[in-house]
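Remember, it's 1-based here, ligands and their atoms both numbered in the order they're listed. Residue indices begin at 1 and follow the sequence shown.
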Amino acid sequence: MTPRAVPTPREQLAAARRIVVKVGSSSLTSLDGGIDPTRLDRLVDALAGRRAAGTQVVLVSSGAIAAGLAPLRLHRRPRDLATQQAAASVGQLLLAHAYSASFARFDLAIGQVLLTADDMIRRSHYRNAQRTLERLLGLDVLPVVNENDTVATDEIRVGDNDRLAALVAHIVGADGLVLLSDVDGLYDGDPRKPGSSLVAEVDDPADLQAVQIAKPGQASLGRGGMATKITAAAMASAAGIPVLLTSAEEVTAALDTAADGPKTGTAFRPSGRRMSARRFWLRHAADVHGRLDLDAGAVAAVIGRRRSLLAAGIHGLSGDFVSGDVVDLVGPDGVVVARGVVGYDASELPGIIGRRTSQLPPEQRREVVHADDLVPLT
Ligand code: GLU
């Protein structure tokens, strides 16, 4: 018997039962005209088509800030946070209304879900967001997600919707992620110059070092560039989710369910296994509040033997963290080897680090970072 061939990422995307589709600001809006109904309808046509084929769809849409510019008579994306938030406040409402009207053509209900970084970081929030999205999908509602820009401050912001989409794909347990922007994929050189060609498939995002990454232009309406798309694709594919990166113009082809999959864009092969939601947020979403410096023995125990981190293996620390915050665990060579939820406040640790558990008073014999709260990064 010949072994069954492993499906390609394109085949996996075509067969996916639940997908997250992300669209960028510049694919939906223009600077002077605000939301472009023709482009929005084309996107919605394709999403409704995929829904009709039996796939559950979550849309992550940027465009709140961009859609708010024209009504506020702003001629470019504001730099300061307060004006961005004001624009998002005006624009998100218009965006939601435009989607609602467009999906109504297919008798499809949408639900607006505005997330903050905290919803990804705090476990109770994460579960709550997960439950809401699950229920919406169960009720046949198509969730339209954005970052809650009107309240997110710079410090607690996911910032770009590419990473937000990868996080959402993980939260909903999607089996495909489609990132739509204004370029039709990843190029091995500057896409504006002749001689560069489209990379059709990426097996391992680490191979991409050689690829030239285009920076978002000055006139850019959104926040992300190719770099955030690659980060998002790497996050999702490392968690077992195949990713397609292409242009919004190609949305119909991108969502095609033909057996051999979409014939457009750059496809990322899922590399890792799906990991627990907790580990995923630790690795990708958490705000890091400090660092613990480990000796070589502690690195071996924590990474090699998956043990908890004890005070004895720590020889230094920095940062202003409290118990429950996320910290980086750094090896003797200065490389971050893991990330974990620390069980002590920074002020408690200097008195106990480097000391063996048996030398410590009973109330300080617990682990500094429990093995269950720790994710290796190497
Ligand atoms: N959340 C922002 C908005 O809706 C977009 C962020 C991004 O461009 O990635 O305007």
Any heavy atom of Gly63 closer to ligand 1 than 4.0 angstrom? yes

Backbone or side chain, does any N or O of Ile65 fall under 3.5 Å from an N or O of ligand 1? yes

Verify the distance criterion only: is there a donor paired with an acceptor across the side chains of Gln112 and Gln92 at less than 3.5 Å? yes

If we ignore angles and hydrogens, is there a donor and acceptor under 3.5 Å between the side chains of Ser61 and Tyr99? yes

Looking only at side-chain N and O atoms, does Ser102 offer a donor or acceptor that is under 3.5 Å from a partner on Asp41? yes

Between Asp325 and Ser323, is any side-chain donor less than 3.5 angstrom from a side-chain acceptor? no

Classify the contact between Asn146 and ligand 1 as side chain, backbone, both or neither, using a heavy-atom distance cut-off of under 4.0 Å. side chain

Can you find an N/O atom of Asp160 closer than 3.5 Å to an N/O atom of ligand 1? no

Give yes or no for whether the N/O distance cutoff of 3.5 Å, strictly under, is met between Asn161 and ligand 1. yes

Note: ligand 1 atoms sitting under 4.0 Å from heavy atoms of Ser62 are 4 (O), 5 (C), 7 (C), 8 (O), 9 (O)

Are any of the side-chain nitrogens in Arg339 or Asp328 under 4.0 Å away from the carboxylate oxygens of its partner? yes

